[in-house]
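Taking it in order: structure first as C-alpha cells, then the write-up.
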Protein chains: 4
Amino acid sequence: MTASKPLRADARRNRARILAAAEEVFAERGPAASTQEVADRAGVAIGTIFRHFPTKRDLLAAIMKELRQRLIDKAEALLADGPPGTAFFDYFTFLVESSARVDTVAGLLADEGTAIQPGEQIAAFTQTFGTLLDAAREAGTVRPDVRLDEVMALVSAATQGALAGSWPDDLRRRTLALLLDALRPR
Amino acid sequence: MTASKPLRADARRNRARILAAAEEVFAERGPAASTQEVADRAGVAIGTIFRHFPTKRDLLAAIMKELRQRLIDKAEALLADGPPGTAFFDYFTFLVESSARVDTVAGLLADEGTAIQPGEQIAAFTQTFGTLLDAAREAGTVRPDVRLDEVMALVSAATQGALAGSWPDDLRRRTLALLLDALRPR
Amino acid sequence: MTASKPLRADARRNRARILAAAEEVFAERGPAASTQEVADRAGVAIGTIFRHFPTKRDLLAAIMKELRQRLIDKAEALLADGPPGTAFFDYFTFLVESSARVDTVAGLLADEGTAIQPGEQIAAFTQTFGTLLDAAREAGTVRPDVRLDEVMALVSAATQGALAGSWPDDLRRRTLALLLDALRPR
Amino acid sequence: MTASKPLRADARRNRARILAAAEEVFAERGPAASTQEVADRAGVAIGTIFRHFPTKRDLLAAIMKELRQRLIDKAEALLADGPPGTAFFDYFTFLVESSARVDTVAGLLADEGTAIQPGEQIAAFTQTFGTLLDAAREAGTVRPDVRLDEVMALVSAATQGALAGSWPDDLRRRTLALLLDALRPR
DNA sequence: CATGAATGAGAATTCATTCAT
DNA sequence: CATGAATGAATTCTCATTCAT
C-alpha cells in the first residue's frame, strides 16, 4: 500500500536496530520507558528515532506490527506443516509461551494503554487462527461449540496473565493445560 | 493495629472522595494518569491529595488495599451464606465481572508496574478463596485435581483480560462459561 | 509603644514555646526550615504559629529580636560589673562563642537572607558596645584609633565565620586571639 | 582528567551563559533562588539548564568550582609575579574585595547549606595560599607565629562578613587594614 | 540523513497561609 | 484561642518533540 520510498542502507539498518532496542526496552520497562533510553540502547541519537518514527506512539505501533507479523507467520507455518488435530493447541501454547518471554504479546489483540491501530493484521491473524480452530474441530480435538471469539478472548486473557506475575514455569504449564482442556470435547 | 487517630469529619469525607475519584481515574487512564486529574475529579485541591497520600504510590497502594478488602468481604459473605457447590463459581464470576468495571482487580495478585505491598491481605484472600474451592470440591462441583494456585492464575488471567478489551458482555459471559467448565468434573 | 493587649496565660506560654522551638529549628536547618517543623517541635498546631506570627518572616524577626535582647543584656551586665580594661574583650569573645553555638547570632547586624528590621535595638546594641569600647580605650587596652564601626564589622565577620565551618574549638580560639590582638595597642 | 567530550559550539555558549546567570542570581537572591529565574536571566529554557546540570545542586557546585578556580588562578599569578613581601597581603585583600562583589566566595572554605564537594581544588587553594604565606613570613612581613589555618579562618570570616552587610567601601577598607595589621610583626 | 542540544509543557511534591471545626 | 485540614502557587525535574549544526 504505502510504498514509502526505499530507504538508504544505513537508514534501513538504523530502523532495524531501533525496533530491536525498543522491543527490549519496552518489554523491560513498560511503555513508559523514555525514548532516550531506546536511543541509547540502539546506539543512535534520539533525533534518528524521531526521523524514523515521528511519534513515540508510532514506534510502539511499529513494534506491535512486527510482533503480530511474527505471530501470523508462526500460525501459517503450523497451518502448512502441523497435524490438524494438534496444530491449534500448539499454537495456543506458543502464544502463551511467547508472552511469557516478552511482555507485549497480548497487546496485539487489544492495545496496552497506547491504543494502536491493529489494522488489517488483526484480520489476518484472526483468520489464520480461525482456520487452525476449524481444522482442530474437524479433527475432533476441539469441542464443536467453541467459537473463535471465545478462543481469542482466552488467548488474550492467558497472555496478559502470563506476563503479569511471571509465574513459575510449572504453574504456567498446569494452568495452560487446564485452559486447553476446557476446549476439548468431553 | 494501626489505629492512626480518627480523622476529622471533613478529612474523612475528602479521603473517601479522593479514593473514589482515584479509582475511577486510574481505571480509565491507567496508573500514569496525573494526580491533578484525580484532584479535579474529587473536587479538591491537589495539596489535599498529597496531605492524605504523601506519594502517588501511596495513593495507588490505598486503592489496591480497598479493592482487595472489598473482594475479601465478598468472599467471606459467600462463604457464610452461599451454597457450597456454587459459591466458588459465583465468586469466580464476581471477580471477573468486577474487573470488567474497574481495572485494577487483577493487581491484587501481581502489581502492575507500581509494585504495592500486598501484605497480609493477599494471604487472607488466598485462604478464603481456598476455602471456597475446598467446599466446591467436597460438593463435587469442581474437579478433584484442580489446585488453588491454578485457580488463582486463571482468575488473574481472566480479570486482566476482561478489562483489556472491554469486550461485549455476551462474549465475556461465554468465555467465562468455558473457563468455568474447565474446572468442572467431567 | 505598641502595647498589644495582654495575652491569656496559655497564649503567652505557647508564644514562648514557639520561639524556643523556632530558634532551635532555624539554627539547625537554616531559615528555609518549614513552619510545620517548628510547630511539631513546639508541640502546637501550625495554625497557632500563624496566629502569633502572621508571617514566617515575623517569626524570624521575633527570634532575632530576642537574640538581640539577650546580647544587649549581656553587654549591660559587663558594663555594670566587669573591669573596664577587659570587659570589651570579654564581650567580643562572648559574641563569637555565642555564634559558635547558635547560628543566627551574626544576623543581628545584618539580616540573613530574610531582611529583618533591626529597628531601635541595633542602636541600643551599638551604643552599649560603644561604651565598652570607650572604656577599654580609656583603660589603654585598645588602640586609640580603633573605631566602633570597625569593631562591629569585625564582630560581624567573626560571628558569621565562626558558624560557617563549625571549626574546631582550638582553631577558633587561636584565630580569635589574633583578631583581638589586632585591636590592642602595640 | 575528566575530558567529557568537547561540547558543540552552541552548547558551550549556553553553558557559559547559564553559569554567568546563575552566579548573578544566586549572589543576589541566595541559593534558594529558583532555577527558572536563572533560565530567564540566561535567556534559555529551563530544560536547557537541567540538561547541563542534572540537578540544582550540580549547578551550585559548578559555580563554586569556577569561583574556586578563579581564586586559585589569581593566587598563582601573584605567586609568579608579585613581590614576596606583599603578595600575601594583596591576595588577602583580593579575596575580600572579590567577596564584596559576589556572595559565594567564602563558600570555598565551607559550604553554605548545599554542601558541595570541594575536592582537590581546596587542597590546591590551600597549598598556594600557604606558599604565599611562607614567602611573606620569610620576607618578614608577617608574624612568624601565624599559622595557615588561622589565616584561612580569617579569610573565611572576612569574606562572609564582607558580603553580609555590603558595607560601604570605606569601612571595608579600614576593617581590612585592621585585620591585616593583626598579621604583621610588631 | 544523523546528531544531540534546546524547548517547554506537564508531573510530583512542598509549603506558607487561610479557614472551617 | 487552638486545631489541623484545605488551598494553590511555586519548585524541581522529566520527556516527547523540534531544529540548528
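Order of the sequence lines sets the chain letters (A, B, ...), proteins ahead of strands, with each chain counted from 1.
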A:Glu28 vs A:Arg41, side-chain contact (heavy atoms from CB on, under 4.5 Å): CA-CA, chis, key distance, verdict: CA-CA 12 Å; A:Glu28 286 173 21; A:Arg41 189 88 62 111; 3.1 Å; yes
Do the charged groups of A:Arg70 and A:Glu23 touch, with an N to O distance under 4.0 Å? yes
Nearest-Å distance, CZ (D:Arg17) to P (E:dA5)? 17 Å
Find the partner of E:dA20: check Watson-Crick (N1-N3 plus N6-O4 or O6-N4) and G-U wobble (N1-O2, O6-N3) distances, both under 3.5 Å, and reply none if neither fits. F:dT3
Whole-Å gap separating P (F:dA2) and CZ (C:Phe53): 11 Å
For A:Ala33 and A:Val25 the tightest heavy-atom approach is CB-CG1, 3.6 Å
Rounded to whole Å, the CZ-C1' distance (B:Arg29 to E:dA11) equals 15 Å
Determine yes or no for a side-chain-to-main-chain donor-acceptor pair under 3.5 angstrom, with D:Lys56 supplying the side chain and D:Pro31 the backbone. yes
Rounded to whole Å, how long is the line connecting atom NZ of B:Lys56 with atom P of F:dC13? 19 Å
Listed pairs, N/O of protein and of nucleotides 6-8 of chain F, under 3.5 Å:
unit_1	atom_1	unit_2	atom_2	d
F:dA6	OP1	B:Asn14	ND2	2.1
F:dA6	OP2	B:His52	NE2	3.0
F:dT7	OP2	B:Ala45	N	2.8
F:dT7	OP2	B:Thr48	OG1	2.6

Between atom CD1 in B:Ile18 and atom C1' in F:dA5, what is the gap in whole Å? 11 Å
Position toward the 5' end of DNA chain F (nearest nucleotide), D:Ala33 or A:Pro54: D:Ala33
Counting N and O atoms only, with roles assigned by atom type, does the side chain of D:Arg17 sit under 3.5 Å from a partner on the main chain of D:Ala42, one being a donor and the other an acceptor? yes
Could you report the tightest heavy-atom contact between A:Val38 and A:Ala21, atom names first, then the distance? O-CB, 3.8 Å
Pairwise 5' ranking along DNA chain E for C:Thr55 and B:Thr55, keeping only the more 5' one: B:Thr55
Which residue lies toward the 5' end of DNA chain F, D:Phe50 or D:Arg13, if each is placed at its nearest nucleotide? D:Phe50
Taking C:Glu24 first and then C:Arg29, would you say they form a salt bridge - that is, a charged N and a carboxylate O separated by under 4.0 Å? no
Those residues of residues 34-42 of chain C lying under 4.0 Å from DNA chain E by at least one heavy atom: C:Ser34, C:Thr35
Watson-Crick or G-U wobble mate for F:dG8, both contacts under 3.5 Å: E:dC15
Find out whether A:Leu59 and A:Phe26 are in side-chain contact, i.e. whether some heavy atom of one side chain is under 4.5 Å from a heavy atom of the other. yes
Has B:Thr55 got a side-chain atom pairing as donor or acceptor with B:Asp58's backbone, closer than 3.5 angstrom? no
